[in-house]
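First up is the structure itself, then whatever we jot down about it.
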Number of protein chains: 2
Amino acid sequence: MTTASDRAYDTIRAMILSGELSAGDALGEEALAERCGVSRTPIRDALRRLESDLLIRRTGTQRSFVSDWSLGDVGDAFELRAMLEGYAARRAAEAMTEDVMAQLRACNAAIGAAIAGQKPDVRTFLDRNREFHALVLDAAGSRRLTNLLTALIEQPVVWRTAHHYSHEAFQRSHSEHNDLLSAFERRDGVWAETVMMGHIRRAFHAYSDAHKGMTERERGVA
Amino acid sequence: MTTASDRAYDTIRAMILSGELSAGDALGEEALAERCGVSRTPIRDALRRLESDLLIRRTGTQRSFVSDWSLGDVGDAFELRAMLEGYAARRAAEAMTEDVMAQLRACNAAIGAAIAGQKPDVRTFLDRNREFHALVLDAAGSRRLTNLLTALIEQPVVWRTAHHYSHEAFQRSHSEHNDLLSAFERRDGVWAETVMMGHIRRAFHAYSDAHKGMTERERGVA
DNA sequence: CTTTGGCAAATTGTATACAATAAAGCCGGT
DNA sequence: ACCGGCTTTATTGTATACAATTTGCCAAAG
């Protein structure tokens, strides 16, 4: 079932990520309730969730604002992801089963197919990439780790970066996943951790470059 | 101001940690509302927070239960703490100021005083220890890191372990804090990280030993 | 004896009304 | 013109009522 609270969460989230609401904007519960077509109760629920995502910030008196994500903040998030997903990869390697391996191989094969042609299927790439990382996380078998990481991974601000990837960048990502598979096959936790950390850091640099380009373009327009 | 929602959160949390509610128990919103003397609205708020602490678990249909913390789960939490607080220590070392150093020294001096006599002041030790770690975390200067760690650190299940510490264990903890101060003075991030990770891991082993003793005692009674 | 169907009770989701609190505007004094 | 305190307004916190959904139970059929 899809509750009103979920819809409100998705709606507000989309408004923030699309730029319809920009950093620093005040988020009144009543105003949001009207825009989402629900009452304040599910809105309050949604705000709590968005707060734990750090997408909104609350003052001492519980007023909500869209939080501003500096490049440094995004860097932080990536650094933490690198550390935690690296750890997840290590644990996954140590606990890997043939069943999960098969799923991972299938998943990365799908990624390979999606980016084979001249015009890569970015949508499929993103979905499968997300699935790949979710499988690794799941294989690590730590609810708490999963809990911490989902908040960090679900940052569509970042996902959109992939739309600016070059052909080489897609191939590189695909190939790094293969390295990961090798490490898993050999139950080599340390190798898996190293590869994963590099994989995430590379993604950050890709984001960083794309972001720099975008802000420069924006500055040119303004 | 202390809101009803906060009181409800504290009350339910205390009920779980004290063992008044045991693992697997169902948490009906109405029943909790009555026990806390508030309505269901702030209870729902509190349950959301407890869920993100992983102190309670929710089924697909949103029913709440006290989650069971196996030794493995606690180990997970400590391992993540070691990694994240190690990272925090590294960053803190790199960004350390004389002002924060002074606060840290004062804090650890207070810890030293609290455990100097034959009968250590456990309460003061815990408060000051918490403050010490909070200062380090703050000095690391990453909101997101703080966000991730607070959920991991605020686990009174674990804090109570200190009541079973030996004289040596207290001294050891105090001395490790001093090592940390040395690393901070020298801006040696790697050293700080190593010391912090060891510090947390040691705490886990202390917990683990104490826990083992406790369950064995329980088994003897039953 | 097990299973399945549906009914009844309990539980959660949502809306709305009201109370408490903080922000903003206003006015008079300096 | 500027500042301090007061009043007004806007916003959030809480309680309660009702709707939607789930769970448990019991009876009847296989």
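Order of the sequence lines fixes the chain letters, A, B, ..., with proteins taken first and strands second; residue numbering starts at 1 for each chain.
B:Asn108 contributes atom CG, which lies 11.0 Å from atom CD of B:Glu131 (distance to the nearest 0.5 angstrom). Interatomic distance, A:Arg128 CZ to A:Ile115 CD1, rounded to the nearest 0.5 Å: 13.5 Å.
In this structure, B:Arg63 places its CZ atom 16 Å from P of C:dA9, rounding to the nearest Å. Atom CD1 in A:Ile43 sits about 15 Å away from atom C1' in C:dT16, given to the nearest Å. Protein atom CG of B:Asp45 is 15 Å distant from nucleotide atom P of C:dT12, rounded to whole Å. Following rounding to the nearest Å, A:Glu29 (CD) and C:dA22 (P) show an atom-to-atom distance of 15 Å. For A:Leu32 and C:dA15, the CG to P distance is 14 Å, given to the nearest whole Å. Put simply, CG on A:Asp6 is 17 Å from P on C:dT12, counting in whole angstrom units. D:dT12 atom P lies 8 Å from atom CG of A:Leu47, rounded to whole Å. One can place CZ of B:Arg40 at 18 Å from P of C:dA17, the figure rounded to the nearest angstrom.
Contacts of B:Leu27 with the nucleic acid, taken as non-hydrogen atoms under 4.0 Å apart, involve only primed sugar atoms and P, OP1 or OP2.
When B:His174, B:His177, B:His199 are each tested for a ring pair (Phe, Tyr, Trp, His ring centres under 6.0 Å) with B:Phe132, only one passes: B:His177.
The side chain of A:Val38 lies closest to C:dA15, out of C:dT12, C:dT14, C:dA15.
For C:dA23, one of the phosphate oxygens OP1 or OP2 lies less than 4.0 angstrom from a side-chain nitrogen or oxygen of A:Thr61. Residue B:Ser39 places at least one side-chain N or O under 4.0 Å from the OP1 or OP2 atom of D:dA15.
In this structure, B:Glu30 and A:Gly37 both approach DNA chain C, and ranking their closest nucleotides by distance from the 5' end singles out B:Glu30. Each of B:Ala4 and B:Thr59 was assigned the nucleotide of DNA chain D with the nearest heavy atom; the assignment lying further toward the 5' end belongs to B:Ala4.
Proximity of B:Arg81 to B:His133: side-chain heavy atoms (C-beta onward) are separated by under 4.5 Å at one or more points. Using a 4.5 Å heavy-atom cutoff, the side chains of A:Leu84 and B:Leu148 are in contact.
You'll find a donor-acceptor pair under 3.5 Å spanning the side chain of B:Thr41 and the base of D:dA15, going by distance alone.
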